[in-house]
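The structure appears below as structure tokens.
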Amino acid sequence: MLTRRPISTAPMDGSKVRIVWTDADGQENESIGQYRSLERMRRTGGDWDDSDAGWWVFVDGTTQKKVDPTVWISGEDGE
């Protein structure tokens, strides 16, 4: 059974999980997301700063967006 859990309990090790986030129009979205730490991003190259760390989703096949999720969805029962 799928269980909604607080985002603070989500894995932040780079694994991909289902997250729920709200867009600028107030629409709730459910996407596969990944937490990316600043250290992890810097290892891939590029010019990253503290504001880049966080939860990222693909909004289409080539576009990624940083989001502020409220919960994540686990495949494990909460009890």
Side-chain angles (χ1 to χ4, degrees):
M1 178 184 211
L2 299 179
T3 304
R4 286 180 172 227
R5 299 183 186 273
I7 196 64
S8 61
T9 65
M12 297 173 77
D13 59 1
S15 57
K16 295 177 182 176
V17 297
R18 187 164 300 277
I19 59 174
V20 178
W21 55 281
T22 304
D23 64 22
D25 296 327
Q27 175 69 42
E28 188 174 83
N29 300 280
E30 187 176 309
S31 306
I32 299 297
Q34 179 183 45
Y35 185 85
R36 298 182 185 160
S37 67
L38 185 57
E39 177 185 317
R40 184 182 218 71
M41 288 187 290
R42 285 186 173 154
R43 284 189 301 219
T44 65
D47 186 24
W48 303 101
D49 64 39
D50 291 339
S51 66
D52 296 317
W55 288 95
W56 289 82
V57 298
F58 275 95
V59 291
D60 64 34
T62 58
T63 307
Q64 298 180 58
K65 177 179 180 158
K66 185 178 172 195
V67 298
D68 189 20
T70 54
V71 298
W72 72 290
I73 299 174
S74 170
E76 300 174 7
D77 192 348
E79 296 181 13

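Heads up: numbering here begins at 1 and tracks the sequence.
- Every residue two or more places apart in sequence or in another chain that forms a side-chain contact (heavy atoms from CB on, under 4.5 Å) with S37 is listed here: Y35, E39, R40.
- Proximity of Q64 to V59: side-chain heavy atoms (C-beta onward) are nowhere separated by under 4.5 Å.
- The ring-ring contact (aromatic ring centres under 6.0 Å, His included) check on W48 picks up nothing, with sequence neighbours excluded.
- Looking at heavy atoms from C-beta onward, I19 lies in side-chain contact with V67 at the 4.5 angstrom threshold.
- Counting only heavy atoms from C-beta outward, the side chains of V57 and I32 never approach each other to under 4.5 Å.
- Not counting sequence neighbours, the partners of D49 by the side-chain contact (heavy atoms from CB on, under 4.5 Å) test are S51, D52.
- Residues W55 and V71 do not share a hydrophobic cluster, defined by chaining ILVMFWY side chains whose heavy atoms lie under 4.5 Å apart.
- For the salt bridge (charged side-chain N to carboxylate O under 4.0 Å, His left out) condition, the pairs that include at least one residue of residues 11-27, sequence neighbours left out, are R18-E30.
- One distance of note links CD1 of I7 with OG1 of T70; it measures 7.5 Å at 0.5 Å rounding.
- Scored by the side-chain contact (heavy atoms from CB on, under 4.5 Å) test, S8 finds P6 as partners (sequence neighbours excluded).
- The stretch residues 11-30 participates, sequence neighbours left out, in no ring pair (Phe, Tyr, Trp, His ring centres under 6.0 Å) pair at all.
- Listed by chain and residue number, T9 satisfy the side chain to side chain donor-acceptor pair (under 3.5 Å) test with W72 (two or more places apart in sequence, or in another chain).
- Distance check, rounded to the nearest 0.5 Å: CH2 of W56 to NZ of K66 gives 7.0 Å.
- Checked against side-chain contact (heavy atoms from CB on, under 4.5 Å), D60 has the following partners two or more places apart in sequence or in another chain: T62, T63.
- Considering OG1 of T44 and CZ of R36, their distance stands at 8.5 Å, rounded to 0.5 Å.
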